[in-house]
Amino acid sequence: MAMTTAQLLRRFVPALAASALLAYGSVAIAQTAATAAPTRVRATIEKVNADNLEVSTKAGKKLTLKLAPDLAVMSVTHAAITDIKSDSFIGSAAIPLPDGSLKALEVTVFPAGMKSGEGHYAWDLGKKSTMTNGTVGDVVVTSGRTITVKYPDGEKKIVVPADVPIVSLNKADRSSLVAGAHGVFIVTKAADGSEVVNRALVGIKGVVPPM
């Protein structure tokens with residue numbers, strides 16, 4: 001027996017609605033995943049225990065951050081331009097100069113044998129700021145304080161003014177997480193809405209990580 005129009009609608013409208021819900025759910029999940037990218041929280045530690053950090057951001061906001069079980073910690077200490085050698089791996093947040101080179105906002109020297117975040121990409125230390133992570137070329141310092149940094153897709157010349165902070169990273173552990181220490185905390189949002197620290201760069205003896 002042929003179905004009436006009303007019967008057809010009763011059968012197919014719920015299915016179409018379910019399909020629409022699934023499609024919407026997929027978009028929502030994709031949007032959630034997109035917003036779940038790691039963020040950098042620059043803050044001072046106020047309290048610490050085995051599972052959490054209580055911090056105060058530069059803007060004065062109070063946050064409680066969970067510590068990931070596999071938390072990676074790096075200490076940040078003062079360094080000098082002379083600590084940058086040929087073949088050193090460094091990172092530098094910088095802004096563009098008219099001649100196409102970059103003016104450093106900070107320089108970070110990585111431990112020997114460690115490479116991380118290699119390349120040139122946008123950063124969040126001000127308008128048009130970028131991060132360049134790569135290997136110092138054969139000529140470490142030319143024209144005063146200009147460093148050539150090479151990475152797989154190219155290279156950049158970075159001018160390092162005398163007043164720009166230069167720091168070194170070293171492997172550390174949770175004992176570096178102490179009240180009063182300044183840090184940059186790499187945070188992701190967990191499914192329950194909590195903010196979880198996966199990596200922490202922590203200043204030693206009052207050093208404020210400049211990156």
Side-chain angles (χ1 to χ4, degrees), residues 37-45 55-60 72-172 176 180-187 197-211:
T39 58
R40 287 175 287 276
V41 175
R42 298 172 175 90
T44 302
I45 298 173
V55 303
S56 178
T57 70
K58 293 177 69 174
V73 182
M74 301 290 289
S75 65
V76 183
T77 57
H78 287 303
I81 195 77
T82 52
D83 293 318
I84 303 172
K85 311 294 185 183
S86 178
D87 292 330
S88 291
F89 189 86
I90 70 168
S92 179
I95 53 176
L97 291 172
D99 64 359
S101 63
L102 298 170
K103 178 183 176 182
L105 301 173
E106 61 84 32
V107 180
T108 300
V109 185
F110 284 73
M114 175 182 285
K115 294 184 177 183
S116 177
E118 199 165 15
H120 176 75
Y121 37 86
W123 201 244
D124 60 351
L125 272 185
K127 188 177 180 181
K128 295 184 179 180
S129 67
T130 60
M131 176 62 72
T132 305
N133 280 21
T135 303
V136 176
D138 293 334
V139 179
V140 177
V141 181
T142 61
S143 304
R145 293 162 64 101
T146 301
I147 301 171
T148 300
V149 180
K150 300 179 180 180
Y151 50 92
D153 297 328
E155 67 179 44
K156 296 290 182 184
K157 287 189 176 180
I158 302 176
V159 178
V160 185
D163 60 348
V164 162
I166 301 173
V167 296
S168 291
L169 289 184
N170 289 284
K171 290 183 179 179
S176 298
H182 306 281
V184 179
F185 306 100
I186 313 305
V187 173
V197 182
N198 299 290
R199 287 182 290 149
L201 310 179
V202 185
I204 302 299
K205 296 181 179 179
V207 171
V208 179
M211 69 290 294

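Heavy-atom basis, side chains included; hydrogens, waters and symmetry copies ignored.
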Exercise for the section: Identify the heavy atoms of G91 and M131 that sit nearest to each other, and give their distance. Expected result: C-SD, 4.0 Å
Practice task
Check the pair D124 / R42 against side chain to side chain contact (heavy atoms under 4.5 Å, CB included), numbers first and verdict last.
Solution key: CA-CA 11 Å; D124 60 351; R42 298 172 175 90; 2.7 Å; yes
Practice task
Determine the minimum heavy-atom distance between I204 and S176, stating which atoms define it.
Solution key: CD1-OG, 4.1 Å
Exercise for the section: Begin from the C-alpha positions of R40 and I186 and carry the test side chain to side chain contact (heavy atoms under 4.5 Å, CB included) through to its verdict. Expected result: CA-CA 5 Å; R40 287 175 287 276; I186 313 305; 3.5 Å; yes
Problem - side chain to side chain contact (heavy atoms under 4.5 Å, CB included) evaluation trace for I81 with I147 - result: CA-CA 10 Å; I81 195 77; I147 301 171; 4.0 Å; yes
Handout entry: Nearest-0.5 Å distance that lies between atom CD1 in I158 and atom CG in L97
Key = 10.5 Å
Exercise for the section: Search all heavy atoms of W123 against all heavy atoms of M211 and return the closest pair with its distance. Expected result: NE1-O, 2.9 Å
Exercise for the section: Provide the closest heavy-atom pair for A172 versus S75 in the form atom of the first, atom of the second, distance. Expected result: CB-N, 3.7 Å
Fill in the blank from the handout: The reported gap from CG in N170 to CE in M114 (rounded to nearest 0.5 angstrom) is 8.5 Å
Exercise for the section: Give a yes or no on whether the backbone of V160 and the side-chain of R145 come within a donor-acceptor separation of less than 3.5 Å. Expected result: yes
Exercise for the section: Please determine which of S129, P165, S92 meets the side-chain contact (heavy atoms from CB on, under 4.5 Å) test together with L105. Expected result: S129
Practice task
State, with a plain yes or no, whether a side-chain heavy atom of V107 is found less than 4.5 Å away from one of I84.
Solution key: yes
Fill in the blank from the handout: Of V149, L102, N133, D153, the one forming a side-chain contact (heavy atoms from CB on, under 4.5 Å) with H120 is L102
Exercise for the section: On the 0 to 90° scale, with breaks at 30° and 60°, tag the F89-F110 ring pair as parallel, tilted or perpendicular. Expected result: perpendicular
Fill in the blank from the handout: Scanning both residues in full, the closest heavy-atom pair of F185 with A43 reads CE1-O, 3.9 Å
Problem - Smallest separation among heavy atoms of G137 and K150, with atom names - result: CA-CE, 4.2 Å
Exercise for the section: Determine whether V136 and K85 make a side-chain contact, defined as any pair of heavy atoms from C-beta on separated by less than 4.5 Å. Expected result: no
Exercise for the section: Check whether any side-chain heavy atom of P209 lies under 4.5 Å from a side-chain heavy atom of V167, and answer yes or no. Expected result: no
Exercise for the section: Check whether any side-chain heavy atom of H182 lies under 4.5 Å from a side-chain heavy atom of V76, and answer yes or no. Expected result: no
